[in-house]
Amino acid sequence: MSFEIPASIRIHPRDTVAVALRPLTAGETVEGMTLLDEVGQGHKFALADIAEGDTVVKYGQPIGRATRAIPAGSHVHTHNVETALAGELAYSPHLGEGKGHSARADTDLTWRGYLRADGRAATRNEIWILPTVGCVGMTAEQVAREAQTRHADLIATGKIDGIHAFAHPHGCSQLGDDLDGTRALLAGLAASPNAAGVLLLGLGCESNQLDALVEAVPVWARSKLRILSSQSAGNEIEEAGLLVDELVAEAATAKRSELPLSALTIGLKCGGSDGFSGLTANPLLGRLSETMAEAGGKAILTEIPEIFGAEQALLDRATSRDVFEAAAGLVNRFKRYYLDQGLPVSENPSPGNLAGGITTLEEKSLGAVQKAGTAPLADVIDYGGQASVPGVTLLEAPGNDAVSSTALAASGATLVLFTTGRGTPLGFPVPTVKVASNRRLSEAKPHWIDFDASIALEGGQDVADAAFLRKICAIASGEPTASERGGQRAIAVWKRGVTL
């Protein structure tokens, strides 16, 4: 049953602010009061007088403190609120207190995917070319283009889903942990179930040597690798093409089969968030995460700096003391990463976030962590690590859209669910499902957006959840995403160290 969208929403009974669901004008009566200011869609206004220094509350949690007195009905934003975040914290374990997940949709739904020999399931059956170093990135792209032309009939008939090269500028002039990170990321991508076959294309003299990269690929994934050093080859284009042809012939024998939700691994991502992201799109992913956890599937959460200020609720859902300590340590390690560079841990939100109504990092984080719902926090893995435990896995990676989405794909996600209030065309190695937080974006950019989460405001959460799960199963079964249709495929490597 549909209903009229109200002018505003108070998310939690403890909140001292409400969120405008449409542009509001000064003098308008909303929430039983007369607005003193214009309030943009997604922005906040005070529900009662807030004194200077008082905590401002949204989602039932502090999102900052008032820098001046804020009369009831006033616009609440950066001009009168500031972050209260500082540095590292000592967290107390309350294991299981935040756990309250339950299936929110039909856990018996199935999808049609590729079951690999290692027992993992893929949403796509593709050939990937991964250059070890930026010097052969364009070579990898040429090899992929020529192979796509040669095997156009197999792609058109669905025997394989595509041949893609993922160029990047790294792999040389790197040292220590920085080089290790690049190697771990590429090794994780090579292990992806969606890559039926992988050509690792090297130059020969780079820091990221082929033999070390192969050693970093999990043993169970090495049989699908082909290796070529360009400096040791005669005509590297021709030799690489022959290796790709071998991989294509093997991949073309794979068939989709009926699989349960438990076989699916989703990556959770938000980018270009606005004031609606924490109301519609991120909670939609959260309810799906709860459904996935109930079904025995895996969901991967990352963007560690966008947990700052909301981490305790996530830590409370840790399934063990070891998981709690690993997650708390990861959050503080990221804070130290900022502090060691002389930067505040609250150096966020972005200009786009601010324009969309998000005021502080606490507010952004409280909206962002909703992507995991109340599903149990079951594991914590390093950058380039592999998710292996049902429930939510916390992955080490920053908030940058391209870096974190690539890290999700490398950790085993076969779909990345990307919520956005502002929009972005970019896609990543695995199907990237763009979920709009608001109707305006969905209607303006249908060539970017796959699902409009604002239907939860109109038809209710149950309607939105059921439609979203059906959409996810369809995409997992081969329906192309908007970014796939647009040819948007890219990776980004997290560069942390010096460049020689």
Side-chain angles (χ1 to χ4, degrees), residues 114 116-118 120 122-172 182-183 185-256 409-410 429-430 484 487 489-491 493:
Y114 300 95
R116 302 303 190 194
D118 60 21
R120 298 186 304 162
T123 62
R124 297 292 183 269
N125 188 44
E126 298 177 336
I127 306 302
W128 291 359
I129 305 172
L130 299 177
T132 60
V133 65
C135 306
V136 289
M138 296 181 72
T139 301
E141 291 174 347
Q142 181 180 347
V143 172
R145 285 193 303 272
E146 294 181 1
Q148 288 165 4
T149 300
R150 285 197 307 277
H151 300 292
D153 57 334
L154 294 178
I155 296 172
T157 57
K159 297 292 186 182
I160 59 172
D161 292 317
I163 302 168
H164 303 283
F166 295 108
H168 60 89
H170 306 297
C172 205
T182 296
R183 184 178 294 128
L185 187 280
L186 294 174
L189 288 173
S192 172
N194 280 18
V198 176
L199 171 61
L200 297 179
L201 180 64
L203 177 61
C205 57
E206 65 271 28
S207 302
N208 187 27
Q209 286 286 294
L210 276 166
D211 55 355
L213 177 56
V214 172
E215 284 295 314
V217 176
V219 173
W220 38 262
R222 293 179 191 170
S223 62
K224 65 176 178 177
L225 302 180
R226 298 294 185 274
I227 315 298
L228 182 67
S229 172
S230 297
Q231 289 175 343
S232 300
N235 185 319
E236 70 279 1
I237 301 293
E238 291 181 2
E239 292 188 29
L242 291 173
L243 293 174
V244 169
D245 291 347
E246 288 181 17
L247 294 171
V248 168
E250 293 177 11
T253 64
K255 305 290 184 184
R256 288 189 183 268
V430 300
E484 287 178 300
R489 291 287 192 103
I491 67 170
V493 180

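Minimum heavy-atom separation, Thr182 to Gly171: CG2-N, 4.2 Å. A pairwise comparison of heavy atoms in Ser207 and Cys172 identifies N-SG, 3.6 Å as the closest pair. The two residues Gly158 and Tyr114 make their nearest non-hydrogen contact at O-OH, 4.2 Å. For the pair Pro218 and Ala187, the tightest heavy-atom approach, listed with the atom from each and the gap, is CD-O, 4.2 Å. The two atoms that bring Gly202 and Val136 nearest to each other are O-CG1, 3.9 Å, heavy atoms only. The shortest heavy-atom contact between Ala190 and Val217 is CB-CG2, 4.0 Å.
Residues Gln142 and Glu146 form a side-chain contact, since some pair of their non-hydrogen atoms from C-beta on lies under 4.5 Å apart. Using a 4.5 Å heavy-atom cutoff, the side chains of Leu185 and His168 are not in contact. When side chains are defined from C-beta on, Thr139 does not count as touching Pro131, because their heavy atoms never get closer than 4.5 Å. Contact check for Lys159 versus Asp153: no side-chain heavy atoms found under the 4.5 Å cut-off. In this structure, the side chains of Gln231 and Leu203 come closer than 4.5 Å at one or more pairs of heavy atoms.
Taking CH2 from Trp128 and NZ from Lys224, the interatomic distance works out to 7.5 Å, rounded to the nearest 0.5 Å. Annotation: the span from Leu186 atom CG to Leu200 atom CG amounts to 8.0 Å, rounded to 0.5 Å. From Ile237, atom CD1 reaches atom CG of Leu228 across 9.5 Å, with rounding to the nearest 0.5 Å. In this structure, CD1 on Ile127 lies 5.0 Å from CG on Leu247, to the nearest 0.5 angstrom. Between Arg222 atom CZ and Ile227 atom CD1 the span is 10.0 Å, to the nearest 0.5 Å. Atom NE2 of His151 and atom CD1 of Ile160 lie 6.5 Å apart (nearest 0.5 Å).
Without hydrogens or angle criteria, Glu206 side chain to Gly204 main chain gives a donor-acceptor distance under 3.5 Å. Without hydrogens or angle criteria, Arg120 side chain to Asn194 main chain gives no donor-acceptor distance under 3.5 Å. Between the Thr253 side chain and the Glu250 main chain, a donor and an acceptor come within less than 3.5 Å of each other. Side-chain atoms of Arg489 do not come within 3.5 Å of backbone N or O of Phe166 as any donor-acceptor pair. The closest donor-acceptor contact from the side chain of Gln148 to the backbone of Ile163 lies under 3.5 Å. For the pair Arg226 (side chain) and Val244 (backbone), a donor-acceptor distance under 3.5 Å is absent. Using a distance-only test at 3.5 Å, with no hydrogens or angles considered, no donor-acceptor pair links the side chain of Asn208 to the main chain of Val133.
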*For Arg183 and His170, what are the C-alpha separation, side-chain angles and deciding distance, and is it a side-chain contact (heavy atoms from CB on, under 4.5 Å)?*
CA-CA 10 Å; Arg183 184 178 294 128; His170 306 297; over 6 Å; no
*Are Arg256 and Asp161 close enough, and set up right, to give a salt bridge (Lys or Arg N to Asp or Glu O under 4.0 Å), and what steps lead you there?*
CA-CA 11 Å; Arg256 288 189 183 268; Asp161 292 317; 3.7 Å; yes
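For Arg116 and Asn125, the side-chain atoms include at least one donor-acceptor pair closer than 3.5 Å.
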